[in-house]
Amino acid sequence: MYYKLSGFTQKLTGSAPTTAYNPQGLRAGLPAESPTMIFASPTKVISEAGATVEYMGKNKVPDLQRRFQVPDGVPIHLKGGVPDRLLYRTTMALTVGGVLYCLVALFIASQPRKN
Amino acid sequence: MTHQAHTYHMVDPSPWPLTGAAAAFLLTWGIAIWFHYSSMTLVSLGLILLLLTMIQWWRDIIRESTYQGQHTPPVQKGLRYGMVLFISSEVLFFIGFFWAFYHSSLSPTPELGGVWPPTGITPLNPFEVPLLNTAVLLASGVTVTWTHHSIMAGERKQAIQSLSLTIILGLYFTTLQAMEYYEAPFTIADGVYGSTFFVATGFHGLHVIIGSTFLAVCLLRTGSNSTLQHNTILALKQQLDTDILLMLFDYSCMSPSIDEDLK
């Protein structure tokens, strides 16, 4: 359940999780009023809070935060698991293979046919 | 996360600078090979590698900032200085093009016939599509400001709507610009007029495309609750404003040609 102090009624009222979850970059000094004013209505739980909360799907960020904050010593580019490893190996293979191929191509190009 | 006694971000060792450098190497020689032997293998390889590097590098930055919380206020400050420096360098980059344009147009050489636009060049009428494109770009500046203020106020729905609108306007601009290029009665090889026109508007168009892509990523991240990207949007807004300024300049650059037409 999420609460906020309503500046209008000076009472605690229900609020959307988006207000409680304060994302980075918002100025902390300014008290951000929630867009829709709730006039001392009974508090709501998230499940009955309505469409504004779940607008465009479920918020997966907390799960991802838990997943990427595991202190297992794996570097960030591999922390996502198997898809990460596949992508990394493809990129590395292209890097090494591409550079070698390029060097061969340049060597051939440096020996023009003599007329 | 292990304990650390400072607020700076100690990055993990990363392969992306290496793969990015390899991509640049392949692109450079790929283009040379392409020009010499008409073979696009190396240049395509370089482009694929560049794309893979960009996607994975920026994916890692999203992980470090949103999921690990490494972008503390001092780190954000550094990032912001970086963006300021980048935009300053962009402004100077474009000043070079304007310099070239005014150098050639304000006192046209005898080789051009002593007139601007040069003899034999039929310029585009700036009161047609170029004027529309200026309006589109100014409108996109309005919608991106709307996005910025929605984000500051925590209005997620409005942020998503106005950001979508901005991206649509960006795509509309690019489409109009492509049509204009297709219809243009002169080419990049038609003397200094064609060169300055296509290089300046071409780089401007490239910046709009990059900006639209960047905003699209912001939209996806706002849509998936990733964060309300106050900093990113602010930075992009600055870039867009720069673009608007440039568009106005482009427009003013072409105006002398109407005067000539009217005479």
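What you see below is based on every heavy atom in this structure, not just the backbone, and it leaves out hydrogens, waters and symmetry mates. Every chain is numbered from 1 and lettered A, B, ... according to where its sequence line falls, protein lines coming before strand lines.
Looking at L103(A), only its side chain comes within 4.5 Å of chain B, counting heavy atoms on both sides. Only the side chain of W16(B) comes within less than 4.5 Å of a heavy atom in chain A; its backbone stays farther off. Interface residue I48(B): only side-chain heavy atoms are found under 4.5 Å from chain A. If you measure heavy-atom distances from T41(B) to chain A, the contacts under 4.5 Å come from the side chain alone.
Taking CG of L26(B) as the reference point, atom OG1 of T95(A) lies at 8.0 Å (rounded to 0.5 Å). Atom CG of residue D63(A) and atom OH of residue Y67(B) lie 10.5 Å apart, to the nearest 0.5 angstrom. Taking CE from M92(A) and CG from L18(B), the interatomic distance works out to 5.0 Å, rounded to the nearest 0.5 Å. Atom-to-atom distance recorded for F25(B):CZ and L106(A):CG is 6.0 Å, nearest 0.5 angstrom. The CG atom of L78(A) lies 9.5 Å from the CD atom of Q56(B); values are rounded to the nearest 0.5 Å.
A 6.0 Å sphere centred on OH of Y172(B) holds no more than 12 heavy atoms belonging to other residues, nucleotides or ligands. By the 6.0 Å contact criterion, CZ on F93(B) is enclosed, its count of non-hydrogen atoms from other residues, nucleotides or ligands being greater than 12. Around NE2 of H6(B), the count of heavy atoms belonging to other residues, nucleotides or ligands within 6.0 Å exceeds 12.
Your options are A23(B), A22(B), S39(B), P15(B), and the one with the most heavy-atom pairs under 4.5 Å with chain A is P15(B). Ranked by non-hydrogen atom pairs under 4.5 Å with chain B, the options L94(A), V96(A), D84(A) are led by D84(A).
Contact detail for G98(A) and L42(B): the closest heavy-atom pair is O-CD2, 4.3 Å. Listed here is the closest heavy atom pair of I76(A) and D12(B): N-OD2, 3.0 Å. Smallest separation of non-hydrogen atoms from P13(B) and H77(A): O-CE1, 3.7 Å.
Checking side-chain atoms of R63(B) against main-chain N and O of F68(A) turns up no donor-acceptor pair under 3.5 Å.
By the 4.5 Å heavy-atom criterion applied to side chains, L87(A) and R59(B) are counted as neighbours.
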